[in-house]
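First up is the structure itself, then whatever we jot down about it.
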Amino acid sequence: MKDVDKYGGLIKQLQDAQVKHGYVSHEAIGSISKEFGLPVSEIYGVVTFYSQFRLRPLGRHTIKLCRGTACHVAGSLDLASDVRRLLGLSEGEDTTKDLRFTLEEVACLGCCSLAPAVMVDKDVHGKITVQKLAKLLEEYR
């Protein structure tokens, strides 16, 4: 029962830190570590276990690239490479250096008839080609 008490407010503190800063910073992890009397590595383990938490800031615009079956068949794998190239993202990076865009690859956007599809912020765009994608990104710049 002591473990439950010990970890009881940890997720809430991490959520609060993320809401405040847009991600869970190393400083927040250190503060939460001290507050809960837990090693930084344990807090880091919780943050990296749950996909809701981020360790880096989000860009101003979030691009969600659908990787569902219909989108995959329609070329979303190639589209992912094109998005990365157009945004200047290296492998392992998800946010542009100017913090304008964050790329998230998602399991499904639920609009299979529009495959391949992307969502920029809350707007869904379908039948995406490299040319449409380049134009779309310019509109959000």
Side-chain angles (χ1 to χ4, degrees), residues 2-141:
K2 289 191 180 217
D3 281 346
V4 172
D5 293 339
K6 190 175 193 178
Y7 294 99
L10 179 59
I11 298 294
K12 176 71 172 118
Q13 287 287 7
L14 292 169
Q15 289 170 331
D16 290 347
Q18 181 149 304
V19 166
K20 183 176 181 181
H21 302 289
Y23 69 108
V24 181
S25 68
H26 294 293
E27 293 80 13
I29 289 174
S31 296
I32 292 169
S33 166
K34 288 177 186 165
E35 181 179 338
F36 282 82
L38 296 168
V40 167
S41 60
E42 212 165 315
I43 305 300
Y44 183 81
V46 172
V47 171
T48 57
F49 177 80
Y50 292 103
S51 62
Q52 75 187 56
F53 295 120
R54 294 185 50 80
L55 288 168
R56 292 174 281 179
L58 276 172
R60 184 166 28 141
H61 300 289
T62 301
I63 302 166
K64 293 184 181 186
L65 174 65
C66 184
R67 297 301 296 267
T69 303
C71 287
H72 177 77
V73 169
S76 68
L77 187 60
D78 291 334
L79 199 55
S81 297
D82 293 328
V83 173
R84 289 188 172 291
R85 181 181 50 77
L86 289 169
L87 294 177
L89 295 175
S90 300
E91 197 61 40
E93 290 182 319
D94 65 353
T95 300
T96 57
K97 290 177 184 18
D98 63 1
L99 297 177
R100 186 161 311 240
F101 296 103
T102 293
L103 175 62
E104 293 180 4
E105 295 186 37
V106 298
C108 186
L109 288 174
C111 46
C112 300
S113 64
L114 300 176
V118 298
M119 178 184 281
V120 182
D121 299 330
K122 295 181 180 181
D123 301 321
V124 175
H125 304 273
K127 308 286 186 195
I128 295 296
T129 62
V130 180
Q131 295 80 13
K132 286 182 182 179
L133 182 61
K135 185 177 177 184
L136 182 64
L137 293 177
E138 277 307 311
E139 290 175 14
Y140 282 91
R141 287 186 199 272

Next item on the list: Nearest 0.5 Å please: distance from the CD1 atom of Ile29 over to the CG atom of Leu14.
Entry: 7.5 Å
Notebook entry, point to check: What closest approach, in Å, do Cys112 and Ala70 show between heavy atoms, and which atom pair accounts for it?
Noted result: CB-CB, 3.8 Å
Margin query: Nearest 0.5 angstrom please: Glu104 CD to Lys64 NZ, how far?
Written below: 5.0 Å
Next item on the list: Take Leu10 and Ile43 through the test side-chain contact (heavy atoms from CB on, under 4.5 Å) and record every step on the way to the result.
Entry: CA-CA 8 Å; Leu10 179 59; Ile43 305 300; 3.6 Å; yes
Notebook entry, point to check: Considering residues at least two apart in sequence or located in another chain, which fulfil the side-chain contact (heavy atoms from CB on, under 4.5 Å) criterion with Lys97?
Noted result: Glu93
Item checked: Heavy-atom side-chain proximity of Arg54 to Thr102 below 4.5 angstrom -> yes
Next item on the list: Taking the side chain as every heavy atom from C-beta outward, state whether Leu136 and Val118 have any atom pair closer than 4.5 Å.
Entry: yes
Next item on the list: Mind jotting down which residue pairs meet the salt bridge (charged side-chain N to carboxylate O under 4.0 Å, His left out) criterion with at least one end in residues 19-34? Sequence neighbours excluded, please.
Entry: none
Note to self: Any side-chain to backbone donor/acceptor pair from Ser33 onto Leu38? Under 3.5 Å, distance only.
What the structure shows: yes
Check: Closest heavy-atom contact between Thr95 and Pro57?
Finding: OG1-O, 3.4 Å
Checklist line | Heavy atoms of other groups near Phe53 CZ, more than 12 under 6.0 Å | finding: yes
Check: Could you give all pairs that pass the ring-ring contact (aromatic ring centres under 6.0 Å, His included) test and reach residues 61-103, with sequence neighbours left out?
Finding: His61-Phe101, His61-Tyr140
Notebook entry, point to check: Minimum heavy-atom separation for Tyr44 to Leu55, with atom names?
Noted result: CE1-CD1, 3.3 Å
Item checked: Main-chain N/O of Phe36 paired to Gln13 side chain as donor or acceptor, under 3.5 Å -> no
Item checked: Pairs meeting criterion salt bridge (charged side-chain N to carboxylate O under 4.0 Å, His left out) with involvement of residues 70-82, two or more places apart -> Asp82-Arg85
Notebook entry, point to check: Is the closest side-chain heavy-atom distance between Leu89 and Thr96 below 4.5 Å?
Noted result: yes
Item checked: side-chain contact (heavy atoms from CB on, under 4.5 Å) against Leu86, all qualifying residues, sequence neighbours excluded -> Leu133, Ala134, Leu137
Checklist line | Side-chain (Lys127) to main-chain (Ser113) donor-acceptor, under 3.5 angstrom | finding: yes
Notebook entry, point to check: Can you name the closest pair of heavy atoms from Leu65 and Ser76 and give their distance?
Noted result: CD2-O, 4.0 Å
Margin query: How close do Cys111 and Ala117 get, counting heavy atoms only, and between which atoms?
Written below: SG-CB, 3.8 Å
Checklist line | Contact summary for Leu79 and Val130, nearest pair of heavy atoms | finding: CD1-N, 4.5 Å
Check: Could you go step by step and tell me if Met119 and Leu109 meet the side-chain contact (heavy atoms from CB on, under 4.5 Å) rule?
Finding: CA-CA 8 Å; Met119 178 184 281; Leu109 288 174; 4.1 Å; yes
Next item on the list: Only counting residues at least two apart or in another chain, list the ones meeting side-chain contact (heavy atoms from CB on, under 4.5 Å) with Gln131.
Entry: Thr129
Notebook entry, point to check: Going from CD on Gln18 to OG on Ser25, what distance comes out if it is rounded to the nearest 0.5 angstrom?
Noted result: 10.5 Å
Next item on the list: Kindly indicate whether the side chain of His125, heavy atoms from C-beta on, has any atom under 4.5 Å from the side chain of Lys132.
Entry: no
Note to self: Between Arg141 and Glu138, does any side-chain N to carboxylate O distance fall below 4.0 Å?
What the structure shows: yes
